[in-house]
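Each chain gets a letter, A, B and so on, in the order the sequences are listed, and its residues count up from 1.
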Amino acid sequence: MEYPFRKIETKWQKIWEKNRTFYVDMDDPREKFYLLSMFPYPSGVLHMGHVSNYSIADAIARYKIMNGYKVLQPMGYDSFGMPAENCAIENHSHPEITTHENIDKMRKQFKMVGFGYDWDREVITCDADYYKWNQWFFLKMYEMGLVYKKSSYVNWCPSCQTVLANEQAEGGICWRCDSRVEQKEIEQWFIKITDYAEELLDHSKLNNWPQRVITMQKNWIGKSYGTQIIFKMVDEDIEIPVFTTRPDTIFGCTYMVLAAEHPLVEDFLQDNPREDEIRKFINGVINEDKIERTAEDTEKIGMFTGKYVVNPVNCEKIPIWIGNYVVMDYGTGAVMCVPAHDQRDFEFAQKYKLPIRIVIQNPDKTLELNSMKEAYVDEGILVNSSPFNEMDNRKAIQKITEWMEEKGYGYKTVIYRLRDWGISRQRYWGTPIPIVYCDECGAVTVPEDDLPVRLPKNVAVGKTRKNPLLSVPEFLNTTCPKCGGPAQRETDTMDTFFDSSWYYARFCDANNNNVPFEKAKANYWLPVDQYIGGIEHACMHLLYARFFHKFMRDIGLVVTDEPFSNLLTQGMVTKDGAKMSKSKGNTVDPQEYIDRFGSDTLRVFMLFASPPEKDVEWNDEGVKGAFRFLNRIWMLFKEKQAFLKSIPKSYTKEVEMPSYAKDLRYSTHFTIKKVTEDIHERMQFNTAIAAIMEHLNNISAFQCDESSEKIIQAVYYEAIAALPKLLQPFAPHLSEEIWAMLGNQTSILETSWITYDDKYLIKDQTTYVIQINGKLRSKIVVGLDTPKKEVEKIARADEKVLKYTEGKEIIKIIIIPKKLVNIVIKD
RNA sequence: GCGAAAGUGGCGGAACUGGUAGACGCGCUGGACUUAGAAUCCAGUGGCCGAAAGGUUGUAGGGGUUCGAGUCCCCUCUUUCGCACCA
């Protein structure tokens with residue numbers, strides 16, 4: 001027989017809604033707890049990954065509620081972006097229609113799973129009342145000097161005449177028409193996230209972030225200390241600065257390499273007889289995949305520009321090359337090359353027969369130029385570097401920099417790998433960037449009062465080439481806010497990371513039409529006490545959001561420095577070892593399982609299958625196992641309902657009881673302790689559920705009926721009565737139902753979390769494991785407080801120990817209290 | 001390629017601080033119930049040797065530290081995530 005999960009689940013979902021259990025406001029005197037899961041892209045169907053992610057959050061929410069918190073758990077939809085636009089193209093529909101249909105479907109599903117959301121705060125990023133504030137923030141950033149325009153490269157399909165996302169240009173081939181993708185330089189809007197690089201490196205206010213995320217962010221920002229060295233061109237009044245972390249090798253610099261994108265490259269081509277050849281080379285490099293291009297094992301190729309610079313420290317004339325292994329995104333786009341002490345430079349110099357000069361000598365084994373097979377990158381003593389010869393190279397880094405600063409050759413500097421945030425997208429389904437181009441006034445921001453700049457609806461999605469918004473004259477043509485003359489709107493839209501960078505703050509005051517959110521409300525709820533989402537967001541989303549928060553602080557909207565004080569990065573749901581995806585055809589529809597087994601079963605399976613940080617491998621049989629467990633609970637309550645009502649609920653008097661009853665009482669209190677600690681301290685739900693299963697096994701094995709002694713009945717009642725409380729985070733509907741079956745009139749969520757009593761966790765005996773030379777040989781059971789000496793005596797007298805130690809010399813005995821005895825003997 | 005992680009039975013996982021490896025669940029095997037199946041219940045279940053007691057081996061592979069290593073250190077391999085226009 002199956003328990004009536006459908007009836008139970010709809011019943012309690014209705015009661016929670018009627019009681020407004022999950023709706024919160026500031027007036028409520030309970031302490032706040034803001035719990036947030038990364039909001040989904042509304043694909044229209046709930047994905048297993050959503051169920052997994054949101055089941056984790058909901059478990060925490062329910063636990064926190066029962067611990068006296070008012071939990072703000074909102075939900076929304078990250079509904080701008082490429083997939084909606086693509087879907088509209090395929091289905092000849094409009095993103096606005098499909099997106100809202102999808103949102104309605106997903107909301108319905110969320111409700112069917114019974115997640116405890118405050119639906120009054122729902123946020124939909126593609127609605128004008130949300131994206132209006134994206135535009136408003138853009139204007140504020142503009143005022144702050146954080147916004148600028150610069151040219152940069154995009155993937156361009158010459159055949160489709162459109163810009164492609166990286167995923168649409170994989171392998172340098174257009175996903176639609178298989179044309180070769182080109183790199184096209186266009187003007188785009190950037191946000192100066194690098195202004196905050198230093199502060200973003202400070203994770204000290206994030207008490208409970210996974211170390212790996214912090215490390216990944218640090219590496220992403222990539223701060224390095226170094227020296228900017230200024231090289232002057234021969235016969236021309238042009239300076240080329242380079243950044244190096246190894247100024248100690250400057251005397252060994254024998255050539256310079258510029259990135260193919262370096263602005264000077266174009267100038268160098270003007271009077272160059274090899275212009276065509278070089279231009280062809282540059283185009284080839286620029287269109288190469290960036291990751292491959294900078295990979296260490298990629299062949300280094302280059303071309304001589306015909307130009308020279310002077311190495312300031314020794315006045316040597318050195319050639320300027322263009323190379324594929326230098327990128328414009330890092331440093332100055334130009335590097336000083338020291339082939340003797342940098343592997344990439346070494347390979348390049350060998351290939352093109354460029355001079356190599358040793359300037360750091362290996363103190364252990366003298367380097368010979370002729371026999372060098374690779375660059376010497378380790379420490380050593382400076383040579384060929386007068387006046388710094390014989391100096392330790394590590395000391396020379398600082399000395400040479402100081403010397404260069406004195407001479408004006410260069411200066412100490414810090415650079416970051418982090419680049420400014422390019423927010424321009426040449427697409428339709430995103431927030432219009434509130435800029436107007438006027439022939440007279442140039443780029444002008446749209447005045448605050450004119451916001452939102454609405455995304456026009458009448459776009460033939462997919463039918464346009466270039467920017468879709470260019471094809472809507474009513475949108476495009478406008479008047480200049482400054483001079484009133486004719487002007488055109490910016491047709492780029494914003495990166496959707498912009499939407500998701502501040503949505504957590506909007507949830508604090510989701511329906512405000514006058515401001516993005518009221519400061520008082522944001523500062524009441526923020527920071528998010530627990531944020532939950534995938535590890536794939538470690539660098540980008542989480543850095544953008546941290547940046548945005550600091551920016552909002554600087555314009556006086558929030559008072560904290562960080563948006564998310566605790567972070568949990570959950571794993572993904574896999575099947576056959578791979579991430580579930582449509583393209584792999586290994587998806588499983590949660591709805592099927594909700595219909596067949598109920599939402600509680602799905603939750604329990606998800607939470608039981610692995611710890612939240614790890615991936616969950618989908619397993620049909622495992623789901624049935626979870627269902628079986630919940631059925632066993634249900635049957636227990638159904639069968640014992642009348643009996644439980646008839647027996648004593650507690651034992652006040654300390655009556656001696658048989659050991660099997662003590663064991664059950666121990667199980668009850670131990671399980672409460674285990675579940676509480678697993679949720680509270682470790683957020684490890686799989687072991688918490690395992691503990692409940694074990695406890696259920698103990699209850700099942702326990703003999704108790706009408707004829708049992710009162711005290712036995714009371715112990716039995718206590719053991720069973722713990723179940724609804726312990727199950728609330730994992731199987732909330734069933735928990736409520738069995739709570740009601742015990743005769744309770746109100747929702748279990750209105751009651752407190754269950755506590756345990758330490759005194760029932762004390763055992764009067766303890767087991768020592770006995771090892772001989774580290775191998776398990778025997779066990780002894782002794783009184784709890786048996787002194788070490790006594791334990792040793794008992795251990796030595798143990799029959800099996802005697803067998804192994806007979807005639808052998810005992811070297812030492814290690815005793816770990818309440819754990820083990822290790823007897824070390826001579827073999 | 002670079003950066004970050006992970007690797008434990010047939011499977012998902014447990015072992016939290018260096019101290020009994022394999023909790024709990026799935027699967028499998030045997031049994032009970034049943035006309036039969038499903039469901040449920042009971043017992044067993046890392047490998048090898050053994051009827052058993054017990055022994056031996058075992059946490060991706062190789063080395064090391066330690067009385068003792070899944071856990072700490074070094075090297076190698078494999079897998080996953082990210083690499084800036086997927087969200």
What's the gap between B/rC33 and B/rC42 when it is taken at their C1' atoms, as a whole Å value? 11 Å
Contacts of A/Glu806 meeting side-chain contact (heavy atoms from CB on, under 4.5 Å) (sequence neighbours excluded), chain-then-number -> none
Between A/Thr574 and A/Asp615, a side-chain donor and acceptor under 3.5 Å: no
Answer with base, sugar-phosphate or nothing: what part of the nucleic acid does A/Met38 contact at a heavy-atom distance below 4.0 Å? nothing
Using a 3.5 Å distance criterion without hydrogens, assess whether the side chain of A/His203 forms a donor-acceptor pair with backbone atoms of A/Leu201. yes
Could you give the CG-to-C1' distance, from A/Asn619 to B/rG10, as a whole number of Å? 12 Å
Strictly by Watson-Crick or wobble contacts shorter than 3.5 Å, is anything paired with B/rU66, and which nucleotide is it? none
At under 4.0 Å between heavy atoms, which parts of nucleotides 82-87 of chain B does protein reach? Answer with one letter per nucleotide, 5' to 3': B base, S sugar-phosphate only, - none. SBBBSB
Would you kindly give the CZ-to-C1' distance between A/Phe670 and B/rC24, to the nearest whole Å? 12 Å
Could you tell me the Watson-Crick or G-U partner of B/rA4, where both distances fall under 3.5 Å? Say none if there is no partner. B/rU80
Base paired to B/rA87 (Watson-Crick or G-U; both N/O distances under 3.5 angstrom): none
The residue among A/Asp492, A/Thr162, A/Thr493 that forms side chain to side chain donor-acceptor pair (under 3.5 Å) with A/Asn467 is A/Asp492
Touch class at under 4.0 angstrom, heavy-atom based, for A/Ala538 against every strand present: nothing
Can you name the side-chain hydrogen bond (donor to acceptor under 3.5 Å, both in side chains) partners of A/Trp421, sequence neighbours left out? A/Asp495
Atom CD1 of A/Ile689 to atom C1' of B/rG12: distance rounded to whole Å? 13 Å
When you compare the side chains of A/Thr687 and A/Asp678, does any donor N or O come within less than 3.5 Å of an acceptor on the partner? yes
B/rG68 C1' sits how many Å from A/Ile772 CD1, rounded? 13 Å
When you measure from the centre of the six-membered ring of A/Phe190, is the NZ or CZ of A/Lys150 closer than 6.0 Å and no more than 45° off the axis? yes
Rounded C1' spacing from B/rG50 to B/rG13 in Å: 31 Å
P atoms of B/rG47 and B/rA39, separation to the nearest Å: 26 Å
A/Trp189/A/Phe498 aromatic ring centres below 6.0 Å: no
How would you list, by chain and number, every residue that makes a ring-ring contact (aromatic ring centres under 6.0 Å, His included) with A/Phe685, sequence neighbours excluded? none
For nucleotides 40-50 of chain B, list the nitrogen or oxygen atoms of the protein found under 3.5 Å from its nitrogen or oxygen atoms, one pair per line.
residue	atom	partner	partner atom	Å
B/rU40	OP1	A/Arg628	NE	3.3

Considering every strand and a 4.0 Å limit on heavy-atom distances, what is the contact class for A/Asn697: base, sugar-phosphate, or nothing? sugar-phosphate
Roughly how many Å apart are B/rG70 and B/rG18, using the C1' atom of each and rounding to a whole number? 11 Å
Roughly how many Å apart are B/rG62 and B/rA69, using the C1' atom of each and rounding to a whole number? 16 Å
I'd like to check the side-chain contact (heavy atoms from CB on, under 4.5 Å) partners of A/Ile415; sequence neighbours left out, ordered by chain and number. A/Ser224, A/Phe243, A/Tyr330
Tell me if the centroids of the rings in A/Tyr531 and A/Trp209 come within less than 6.0 Å of each other. no
On RNA chain B, nearest-nucleotide positions of A/Ile814 versus A/Gln211: which is more 5'? A/Gln211
Searching all strands shown, indicate the nucleotide that pairs with B/rA15 (Watson-Crick or G-U wobble; both distances under 3.5 Å). none
Need the pair for B/rU71. Rule: Watson-Crick or G-U wobble, both distances under 3.5 Å, any strand; none if unpaired. none
Protein-nucleotide distance (A/Lys818, atom NZ; B/rU20, atom C1'), rounded to Å: 18 Å
Rounded to whole angstroms, how far apart are CZ on A/Phe730 and P on B/rC24? 18 Å
Run the side-chain contact (heavy atoms from CB on, under 4.5 Å) test against A/Glu374 and tell me which residues pass, sequence neighbours left out. A/Gln343
Listed by chain and number, what are the ring-ring contact (aromatic ring centres under 6.0 Å, His included) partners of A/Phe597, not counting sequence neighbours? A/Phe627
Any protein N or O atoms within reach of nucleotides 54-56 of chain B? Criterion: under 3.5 Å, listing atom names and distances.
residue	atom	partner	partner atom	Å
B/rG55	OP1	A/Tyr804	OH	2.7
B/rU56	OP2	A/Arg777	NH1	2.9

Go through the N and O atoms of the side chain of A/Lys819 and the base of B/rU20, and report whether any donor-acceptor pair is under 3.5 Å. no
Let's test this: given Watson-Crick or G-U wobble pairing with both distances under 3.5 Å, identify the partner of B/rG44. B/rC28
Salt-bridge present (A/Glu799, A/Lys803; N to O < 4.0 Å): no
With a non-hydrogen cut-off below 4.0 angstrom, is A/Asn822 in contact with a base, only sugar-phosphate, or nothing? base
What is the base-pairing partner of B/rG58, counting Watson-Crick and G-U wobble geometry with both distances under 3.5 Å? none
Write out a two-atom table: protein N or O, nucleotide N or O from nucleotides 75-77 of chain B, distance below 3.5 Å.
none

Contacts of A/Phe497 that satisfy ring-ring contact (aromatic ring centres under 6.0 Å, His included) - sequence neighbours left out: A/Tyr544
Nearest-nucleotide 5' precedence on RNA chain B, A/Lys674 against A/Gly774: A/Lys674
Between B/rG22 and B/rA32, how many Å separate the two C1' atoms, rounded to a whole number? 29 Å
Which part of the nucleic acid, if any, lies within contact of A/Asp615, taking any heavy atom under 4.0 Å across all strands shown: a base, the sugar-phosphate backbone alone, or nothing? sugar-phosphate
Starting at CG of A/Asn686 and ending at P of B/rG13, how long is that distance when rounded to a whole Å? 9 Å
Using purine N1 to pyrimidine N3 plus N6-O4 or O6-N4 for Watson-Crick, or N1-O2 and O6-N3 for G-U wobble, both under 3.5 Å, which nucleotide pairs with B/rA23? none
What is the glycosidic conformation of B/rG37: syn, defined as within 90° of 0, or anti? anti
Integer angstrom distance from the P of B/rG82 to that of B/rU65: 40 Å
If you look at every strand shown and take non-hydrogen atoms under 4.0 Å, does A/Arg212 touch a base, only sugar-phosphate, or nothing? sugar-phosphate
Under 3.5 Å, is there a donor-acceptor pair between the A/Gln188 and A/Gln426 side chains? yes
The criterion is side-chain hydrogen bond (donor to acceptor under 3.5 Å, both in side chains); which residues satisfy it with A/Tyr756, sequence neighbours excluded? none
Describe the nucleic acid contact of A/Glu677 in one word from base, sugar-phosphate, nothing, applying a heavy-atom distance below 4.0 Å. nothing
Write down the distance between CD1 (A/Ile816) and P (B/rG68), rounded to a whole number of angstrom. 13 Å
For B/rA23, does OP1 or OP2 lie under 4.0 Å from any side-chain N or O of A/Gln684? no
